[in-house]
Amino acid sequence: MTLLFFSEVDRVDWWTGELNKAAPDIPVRAWPDVGDPADIRWALVWKPRHGLLASLPKLELILSMGAGVDHVFADPTLPAGVPVTRIVDPMMTAGITEYVLLHVLRYHRFLPVLEAQQRERVWKMRFDLHRLPAERRIGILGLGVMGADSAAKLAALGFAVAVWSRTEKTLPGVARFHGPAGLAPFLASTNILVCLLPLTPATEGILCAANFAHLPEGAFLINAGRGGHLVDDDLLAALDTGRIAHATLDVFHTEPLPVDHPFWAHQRITVTPHNAAISDPRSIVGQVIDNIRRLVAGRPLVNQVDTAQGY
Ligand code: NAP
Ligand code: GLV
């Protein structure tokens, strides 16, 4: 009964060290040292290589190392019927909220404009761009663990916050929209659009020209969801026309972002290397071990993913 760890981007020794500390009785193997595949009962993974999970004949549980699970479902050979869990971690949620606040405040206080002025040695107070927080409408796509925390913190700062989810929700102090019919009115009332959606067939490509057309002129975009939410060429076109004034992107179709991708050098795009929130094993291994022990004891899993919805 062994746990397999797979990630090609994380610090393997850090993770296996924290796992061993938290559960010395659970043997851990780190890919590529899989050993006998029949020993592996549980797999803790980030972007598993396609075919890896299918090659483990006794696999009973797939644990995503992150909040998102699209990287698991992307594997066309994913073994059917094996439960998938995801991470819900207060430190990760705080990381996303910090990222959202950082970039919302950057746009609210029009820092890119002031930075451009500095490069030109221009001293000009921008009364024309000044807005009160209540006059700045922040629209958050996704009202899950991440979206709800960002919405609450932005509302506490006095921003006019709206949220969009799949099902109807309640959240005090914010305007709520849901479902396909709610998307256009939600976008029409958004100055700064924040994407915190999971990537599923229903949300893929949602940041596209047709939806940008509903935004007011000169809107801002912050995408910390997934690269697959964005139609890259549609963003470049929207920046050209001024529909979108500036974009901050943490996630991309291909990661690392290829060196020749136009986003790198674009004057009105900020690129961050998928680090809005980091999966920190010190905070996360406890729930990984807990879910393994639950499975072994036949108790319900925590944060099990709804495979039909894909999140
Ligand atoms: P979550 O708790 O599962 O929440 C997902 C939210 O998206 C829910 O409000 C859900 O609506 C909504 N949603 C899903 N499909 C939808 C659809 N078709 N139409 C409208 N709304 C839809 O997820 P989370 O923990 O907040 O995480 C969200 C995502 O953030 C992750 O999947 C991941 O992609 C991203 N993330 C990125 C980073 C990073 O470092 N960049 C870190 C962590 C997470 P309902 O409430 O109606 O179900
Ligand atoms: C990171 O992107 C995650 O899904 O946790």
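Residue numbers count from 1 along this sequence. Whatever order the structure lists ligands and atoms in, that order sets their numbers, starting from 1. None of the values given here were measured: they were computed from a predicted structure.
- Within the set M146, R86, H229, E168, the minimum heavy-atom distance to atom 1 (P) of ligand 1 is found for R86.
- For R243 (side chain) and L215 (main-chain N/O), a donor-acceptor pair under 3.5 Å exists by modelled atom type.
- The closest protein non-hydrogen atom to atom 29 (C) of ligand 1 is L197 O, 3.5 Å.
- Of the protein's non-hydrogen atoms, A67 CB, 3.7 Å is the one closest to atom 44 (C) of ligand 1.
- H108 and N191 share no donor-acceptor pair across their side chains, judged by distance under 3.5 Å alone.
- How far CG of D280 is from CG of D89: 7.5 Å, rounded to the nearest 0.5 Å.
- Listed by number with element, the atoms of ligand 1 under 4.0 Å from a non-hydrogen atom of T203 are 15 (N), 16 (C), 17 (C), 18 (N).
- At a cut-off of 3.5 Å, with distance as the only test, no side-chain donor of T203 or Y311 sits close to an acceptor on the other residue.
- Remark: of the listed residues V163, L207, T190, N223, L207 is the sole one forming a side-chain contact (heavy atoms from CB on, under 4.5 Å) with L141.
- For atom 40 (O) of ligand 1, the closest heavy atom belonging to the protein is A277 N, 3.1 Å.
- Among protein heavy atoms, the minimum distance from atom 46 (O) of ligand 1 is reached at K169 NZ, 2.3 Å.
- Only the side chain of R226 comes within contact range of ligand 1, with a heavy atom under 4.0 Å; no backbone atom does.
- Of the protein's non-hydrogen atoms, the one nearest atom 1 (C) of ligand 2 is H274 NE2, 3.5 Å.
- Closest to atom 37 (C) of ligand 1, if we only count protein heavy atoms, is A224 O, 3.0 Å.
- Shortest contact from atom 3 (C) of ligand 2 to any protein heavy atom: A67 N, 3.4 Å.
- Scanning M92, R226, H71, R86 for the heavy atom closest to atom 4 (O) of ligand 2 points to R226.
- At the top of the distance list for atom 38 (C) of ligand 1, counting protein heavy atoms only, stands I96 CD1, 3.5 Å.
- Of the listed residues (V302, V145, I62), just one forms a side-chain contact (heavy atoms from CB on, under 4.5 Å) with R86, and that residue is V145.
- Remark: minimum distance from atom 7 (O) of ligand 1 to any protein heavy atom is reached at P198 CD, 3.2 Å.
- Classification of E204 and R226 as a salt-bridged pair fails, no side-chain N sitting under 4.0 Å from a carboxylate O.
- Scanning the protein heavy atoms around atom 48 (O) of ligand 1, the nearest turns out to be Y311 OH, 2.5 Å.
- Judged purely by atom type and a 3.5 angstrom limit, R294 uses its side chain to pair as donor or acceptor with the backbone of P300.
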